[in-house]
Amino acid sequence: MLVIQGLGKTFRKAAKATQAVQALDSVSFSVDEGEYVCLLGRSGCGKSTLLGILAGLIAPDEGLALCRGTSIQGPDRHRMLMFQEAALFPWLNVFNNVLYSLKFVHELSKGQKCERAESFLDLVGLADYHHFRIHELSGGMRQRVALARALAPDPDILLMDEPFSALDAMTREQLYTDMQRIWRTTNKTILMVTHNVREAVCLGTRVLVMERPGRVIADEKVLLPYPRAMNDTALVRAAADISGHLQKTDEHGQEKAG
Ligand SMILES: Nc1ncnc2c1ncn2[C@@H]1O[C@H](COP(=O)(O)OP(=O)(O)OP(=O)(O)O)[C@@H](O)[C@H]1O
Ligand SMILES: [Mg+2]
């Protein structure tokens, strides 16, 4: 589904070469259809830059990024990106926010688009909220709308940048359960950035760990059966193993700083 080879990106501030920041340094990995890959790493290690490149919003300096064998040249509806804060249209109700994402899906009739929007709102658990305005929803419900909106156009891959970070713990727990169900129902390929190791192990079929400046230092399969619960002993143990990789990156960071 996704092939990334030798991807590099350095941000250069105009006229000041000394301020160049290397965000990605030769990142290579691939993602198979239907995988749920979680990307972990300390702040500033290039996770959002990587997602931005895959979404077609940032151009890389080096390397290749292919989706279904085609080079990624710009944003399109086959690669949908979701952020920490749901970027919804406040002047549209819940239903129309989801319907809007189907605007450019020309092969569907108006009736089919309405059916599609309805079925994805059902899937994310918002069947009774079609006519609500965005400001009337909780943060968790807004993320559910954003998820329905991202999935409705049937993208090849769903890119999620810390989608649950701004939510309270109880809302997050519920979303972990629902997210597993939604992923298994839709068979979507997902690449999700998170800071939370247990969240990564709870949701992901695979966890990639990155370190500064922009390198992948571990790529681990998570072999636990679904559905997974956050407080399951095996899950906690798997998370501790992955945390070991992250601690190594801390030590590196200190060495570099020292
Ligand atoms: N548009 C930009 N211009 C200049 N520097 C940038 C830009 N975007 C990102 N950077 C820098 O590139 C590096 C990687 O940033 P990125 O946002 O990808 O990290 P991240 O892993 O997503 O961090 P966080 O976990 O805090 O979200 C950082 O040093 C950041 O300051
Ligand atoms: Mg980020």
Side-chain angles (χ1 to χ4, degrees), residues 2 4-29 31 36-65 67 72-75 79-87 139 142-143 146-147 150 157-167 169 172 175 179 190-204 206-220 239 242-243 245-258:
L2 203 62
I4 295 160
Q5 253 168 28
L7 215 55
K9 178 73 190 174
T10 299
F11 291 104
R12 289 181 183 81
K13 289 200 177 150
K16 281 203 176 175
T18 49
Q19 289 192 2
V21 176
Q22 188 173 26
L24 294 177
D25 176 15
S26 197
V27 170
S28 301
F29 64 92
V31 177
Y36 193 146
V37 178
C38 291
L39 203 56
L40 274 170
R42 295 202 306 152
S43 183
C45 71
K47 305 180 296 296
S48 295
T49 303
L50 179 57
L51 280 203
I53 291 173
L54 299 179
L57 300 173
I58 299 173
D61 303 327
E62 297 172 336
L64 268 181
C67 186
I72 294 169
Q73 296 295 349
R79 285 166 281 107
M80 295 298 272
L81 179 59
M82 242 185 97
F83 301 98
Q84 192 170 338
E85 302 285 346
R142 287 178 202 191
Q143 283 305 62
L147 185 57
I157 186 162
L158 177 60
L159 306 165
M160 307 172 89
D161 199 351
E162 301 189 45
F164 310 124
S165 300
L167 306 174
R172 271 205 306 258
L175 271 163
M179 197 61 217
I190 301 180
L191 182 56
M192 182 181 96
V193 167
T194 172
H195 274 126
N196 185 323
V197 183
R198 266 208 234 174
E199 179 177 302
V201 175
C202 183
L203 297 174
R206 204 170 133 204
V207 177
L208 298 184
V209 181
M210 287 179 68
E211 75 165 16
R212 269 190 254 167
R215 284 191 303 258
V216 175
I217 57 152
D219 183 346
E220 304 274 352
I242 303 269
S243 294
H245 293 296
L246 278 171
Q247 272 153 20
K248 275 183 227 150
T249 78
D250 277 351
E251 285 157 19
H252 275 195
Q254 278 167 8
E255 275 167 28
K256 276 175 201 153

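Numbering of ligands and ligand atoms starts at 1, following listing order.
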List every atom of ligand 1 that sits less than 4.0 Å from any heavy atom of Glu162, numbering the atoms from 1 in the order shown and giving each element.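 Listed by number with element, the hits are 25 (O), 27 (O).
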Which of the ligand 1 atoms, numbered from 1, are nearer than 4.0 Å to a heavy atom of Ser48: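 So the atoms of ligand 1 that pass are 17 (O), 18 (O), 20 (P), 22 (O), 27 (O).
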Considering only the protein, which heavy-atom contact is closest to [atom], and what is its distance?
atom                    : value
atom 26 (O) of ligand 1 : Ser43 OG, 2.5 Å
atom 12 (O) of ligand 1 : Ala23 CB, 3.5 Å
atom 9 (C) of ligand 1  : Phe11 CE1, 3.4 Å
atom 15 (O) of ligand 1 : Thr49 OG1, 3.8 Å

For the 3.5 Å polar cut-off, considering only N or O atoms, please tell me whether [X] and ligand 1 meet it.
X      : result
Gly41  : no
Gly44  : yes
His195 : yes

Between Met80, Gln84, Met82, which is the residue that forms a side chain to side chain contact (heavy atoms under 4.5 Å, CB included) with Met160?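 Among the candidates, only Met82 passes.
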If you define the side chain from C-beta out and look only at heavy atoms, does anything of [X] sit under 4.5 Å from [Y]?
X      : Y      : value
Leu50  : Val193 : no
Ile4   : Leu54  : yes
Glu199 : Cys38  : no
Cys67  : Leu2   : yes
Thr49  : Phe11  : yes

Sub-4.0 Å protein heavy atom near atom 31 (O) of ligand 1: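 Answer no: nothing from the protein, no heavy atom, is under 4.0 Å.
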Tell me whether the Mg ion (ligand 2) has Ser48 as a neighbour, meaning an N, O or S atom of it below 2.8 Å.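 Yes, Ser48 qualifies, because one of its backbone or side-chain N, O or S atoms lies under 2.8 Å.
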Which segment of Met210 sits under 4.0 Å of ligand 1 when only heavy atoms are counted: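 Contact part for Met210 vs ligand 1: neither.
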Using a 4.0 Å heavy-atom cut-off, say whether Val21 meets ligand 1 through its side chain, its backbone, both or neither.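 Just the side chain.
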Shortest reach to atom 21 (O) of ligand 1 by a heavy atom, considering only Lys47, Gln22, Gln84: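 Answer by nearest heavy atom: Lys47.
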Between Gln143 (side chain) and Phe164 (backbone), is there a donor-acceptor pair under 3.5 Å?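 No, the answer is negative, given that no donor and acceptor are paired below the 3.5 Å cut-off.
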Identify the heavy atoms of Leu40 and Thr194 that sit nearest to each other, and give their distance.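 Shortest heavy-atom contact: CD2-O, 3.3 Å.
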Would you sort out whether Lys47 and Asp161 count as a salt bridge (Lys or Arg N to Asp or Glu O under 4.0 Å), showing the intermediate values? CA-CA 8 Å; Lys47 305 180 296 296; Asp161 199 351; over 6 Å; no
